[in-house]
Amino acid sequence: MDQPHKMSRGDAPMTDKYQDQSMEYYDGNTKIKIVDPGPVSAEKVERILEQFHRIGWSIWKDLSIEEQKAINAEYDKQRAD
């Protein structure tokens with residue numbers, strides 16, 4: 001398993017290119033590697049945040065009304081504490 005991993009959604013494989021800007025740790029048998037790709041433009045950050053926002057709303061809309069209400073109630077309860 002020393003080969004770069006490529007996710008099916010098209011992620012670029014992790015390589016040693018960013019070795020000096022990365023950290024890794026293990027959770028059980030899972031190796032987790034966090035890589036800093038370096039500077040990212042403000043436009044790219046904005047596009048990524050917009051994608052996260054769209055995906056989050058898509059997930060929310062897939063929930064039933066009952067699930068949405070339960071999540072909102074739990075959130076309100078935590079905010080009150």
Can you list everything that forms a salt bridge (Lys or Arg N to Asp or Glu O under 4.0 Å) with K69? Sequence neighbours excluded, please. none
K44: what forms a side-chain contact (heavy atoms from CB on, under 4.5 Å) with it, not counting sequence neighbours? V40, S41, R47, I48
My understanding is that only residues two or more places apart in sequence, or in another chain, count here; which of them pass side-chain hydrogen bond (donor to acceptor under 3.5 Å, both in side chains) with Q68? none
Test of understanding: with side-chain contact (heavy atoms from CB on, under 4.5 Å), list the residues that count as partners of Y75, not counting sequence neighbours. R79
Other members of the hydrophobic cluster containing L63, with the 4.5 Å side-chain heavy-atom rule, please. W57, W60, I71
Look at atom CG of D81 and say whether more than 12 heavy atoms of other residues, nucleotides or ligands are closer to it than 6.0 Å. yes
Tell me every residue that passes side-chain contact (heavy atoms from CB on, under 4.5 Å) with I59, counting only those two or more places apart in sequence or in another chain. I55
Please identify each residue that fulfils side-chain hydrogen bond (donor to acceptor under 3.5 Å, both in side chains) with Q78, with sequence neighbours left out. E74
Reported CZ-to-CG distance for the pair R54 and L49, which is rounded to 0.5 angstrom: 11.0 Å
Tell me every residue that passes side-chain contact (heavy atoms from CB on, under 4.5 Å) with T30, counting only those two or more places apart in sequence or in another chain. I32
List the residues meeting side-chain hydrogen bond (donor to acceptor under 3.5 Å, both in side chains) with E46, not counting sequence neighbours, and say none if there are none. none
